[in-house]
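Here the structure comes first, spelled out in structure tokens, and everything after it is commentary.
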Amino acid sequence: MILIYDGTFEGFLSVVFDCYAHKLDPMDIFAEDKFQSALFCEVVHVATNVEHSRRVWAGWQKKLSRELNQLPFLAYLSGESGIEMFLLHFARLSFASPVPVEGNYADEKILAVRKASRRVTQEAMRMIEFVRFQLTKDGIYFSGIRPSYDVLPMILKHFKSRFADQQWLIYDMKRDYGFYYNQRTVDEVKLMDKMFNVSDSKVRTDMLEEGEVDYQRLWSNYCRNITIMERVNLKCQKNHMPRRYWKFLPEKNVQ
Amino acid sequence: MCGVLIELVIMNERVQNKLNILADSAKYDVSCSSSGSSRKNEGKGIGNALNCGICHSFTADGRCVSLLKVLMSNNCIYDCAYCINRRTNDRPRATLTPDELVDITIGFYRRNYIEGLFLSSGVIKNPDYTMERMMLVAKKLRTEQRYNGYIHLKAIPGASPDLINEAGLYADRMSVNIEIPTNPELKRLAPEKNHEGIILPMGLIKEGIVQNSEERKKYRNVRAFVPAGQSTQLIVGASPETDQQILSLATNLYNEQKLKRVYYSGYLPVNEYDNRLPALKTPPLVRENRLYQSDWLMRFYKFSASEIVSAEHPFLDLEVDPKLAYALRNYHLYPVDVNTADYEMILRIPGIGVQSAQRIIQARRFGRLTSNHLKKIGVVMKRAQYFIVNNQLPPAIHDLAPERLKRQILLSDSQKRTKVSETQLSLFSFPSTSNTLIEKSR
Ligand code: SF4
């Protein structure tokens, strides 16, 4: 049997609920949009049920150790193919065991879940590092990002506490939504008119605050000047700062 | 506000040039870590310091850029042989004013370029004059700009205790660089300096920290004094000290002076004309890396300096890392059974890092671990295989004499070149699952 859900985390948790309630043993689980077709196999659509998902999530979190109680959600965000089956396996072990099982690295599926969650956390971390604000004429610090996973909601708290006294807007250009902080609250926004290049996040020059370009140049020159030429090691640089982020960084683009 | 902006545009070219000169002069200072302090954004100011440290960029030489690391001035009244900014060198000189430094720091910080400021300086006029202006930068940032980001200040030896104490109230970290590991060598290369003059401010800061932490236990509202502790830097290879001398000095600094970090900097031949210095073709990078690895072993793997170097082996083996060298010298301790050995001993297995060791401890509660498990956990089996037993592998170690085993490992390493720089870099990185930073989103 193959189970299909709507592609949200709640939807997936509803699947887990049904597997328990109806003693299902699926061969595979797919988000609607990822599912192609299956011959010779029963296909069942599971409707998302908020109450069911809430119960599963609350119960599951109790089975997880404190520091890792977001683990299933983070791994889920990775969107890797097959992650649903790994998570179902993980859920079953969690619910069956009186002690947390996520330390069982010898279990391949648990290991896969942990690795997936690590990739997501790492991407969020990279956003925290590589977001570059450009100050616009409206006095808003703007940054466009293109994270591999949908991690923007995870980094808001960091930016809110760090830049509490400035207005900022971080926009996920890939998923076309963002968050705006007005010095009090952080609100979700969707921009219709885009005053920036949606591929590299550069704000139109006439929209930039005077002095913005100078700071970018100052920063870019600074980065060049602190490099010790005797020690250049580009491979190492790329390891820590993969190429795909470079187009967003003034130090890689501004002369 | 408007006035400031116009001014900025006018002064920009000048500042641009100054910053170029002063960043270039500061680049040989290696410490860039911004970790060890957590300062909350209290009220509505700007910034916070997180204790895991964040790298915002990486230079082409692969180093983390976390802080705006800059000299206030590269003018100096002293003439240290190993320093590019010594007064007798003919090179462009510049000095940034406290206000310019404040502007640049805030401008960079607000754009998320940096975690904070690391300010050092050559000695202008005299130590007090220099220290006072540096202190002023920190003071303005904290009080006028309400800035809560990270600040690292160099303490200038010879400056008055009052100034150093005041600076400590605004800085997260302070450092006094020792540079040359032994006093006679320091005097030879920098006749105007000596170790006593360096240890003095270091002791002052240490006392301040100890006293402050006691007061803070008693009264909640006492202001923090250098909450991220102090560090220092040693130059390696400009003078003839052995690694044993260097590591025992480091141990001493960690234990007696309570330093948070000791940085090692392979000497770059910047003043080749000075014949008090050795003629080096390239900076001793491998040695620098081995020292960092040893320091790492002392701080996180519970090794002591005497287990890493000794009177018979005063220098580190450049061919193999210090942990492997230790294992080869202490054959009788191996093989180790990963399913039963305690954490400390597992840490001493070549090819197993802190993370793998912790995973082994966790995972073996669920059942015996096989080589396959170990590989998946992240153990470098190619290296570890000689030093472990589990229920599969026959212990391989005693089939080969240490020297043969070393050759064999080196051979297989060279087939798939392991990067020397890898370990050097991981020093500056943060634990990659830093959950503290990530908002719990559900
Ligand atoms: S005191 Fe510092 S800046 Fe001045 S010459 Fe010596 S090392 Fe260089």
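We name chains A, B, ... by the order of the sequence lines, and we start the count at 1 in each one.
Using modelled atom types, one finds no donor on one side chain facing an acceptor on the other under 3.5 Å when comparing B:Arg142 with B:Asn148. At a cut-off of 3.5 Å, with distance as the only test, a side-chain donor of A:Ser65 or A:Glu102 sits close to an acceptor on the other residue.
Residue A:Glu212 touches chain B through both its backbone and its side chain, counting heavy-atom pairs closer than 4.5 Å. Interface remark: A:Leu218 contributes backbone and side-chain atoms alike to the contact with chain B (heavy atom separation under 4.5 Å). Interface residue B:Leu68: backbone and side-chain heavy atoms are both found under 4.5 Å from chain A. Looking at B:Arg365, neither its backbone nor its side chain comes within 4.5 Å of chain A, counting heavy atoms on both sides. For B:Ile114, the parts lying under 4.5 angstrom from a heavy atom of chain A are both the backbone and the side chain.
Per-residue heavy-atom pair counts under 4.5 Å with chain B were compared for A:Tyr222, A:Tyr141, A:Tyr245, and the maximum is reached by A:Tyr222. Note on A:Phe133, A:Phe130, A:Phe159, A:Trp219: by heavy-atom pairs under 4.5 Å with chain B, the leading option is A:Trp219.
Centroid-to-centroid, the aromatic rings of A:Tyr180 and A:Trp168 stay 6.0 Å apart or farther.
Under the ring pair (Phe, Tyr, Trp, His ring centres under 6.0 Å) criterion, A:Phe12 pairs with A:Tyr76, sequence neighbours left out.
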Determine whether A:Phe142 and A:Tyr171 satisfy the following criterion, ring-ring contact (aromatic ring centres under 6.0 Å, His included), listing intermediate values before the conclusion. CA-CA 8 Å; A:Phe142 171 83; A:Tyr171 205 77; 7.1 Å; no
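The side-chain tip of A:Arg243 points at the ring of A:Trp246 from less than 6.0 angstrom away and within 45° of straight on.
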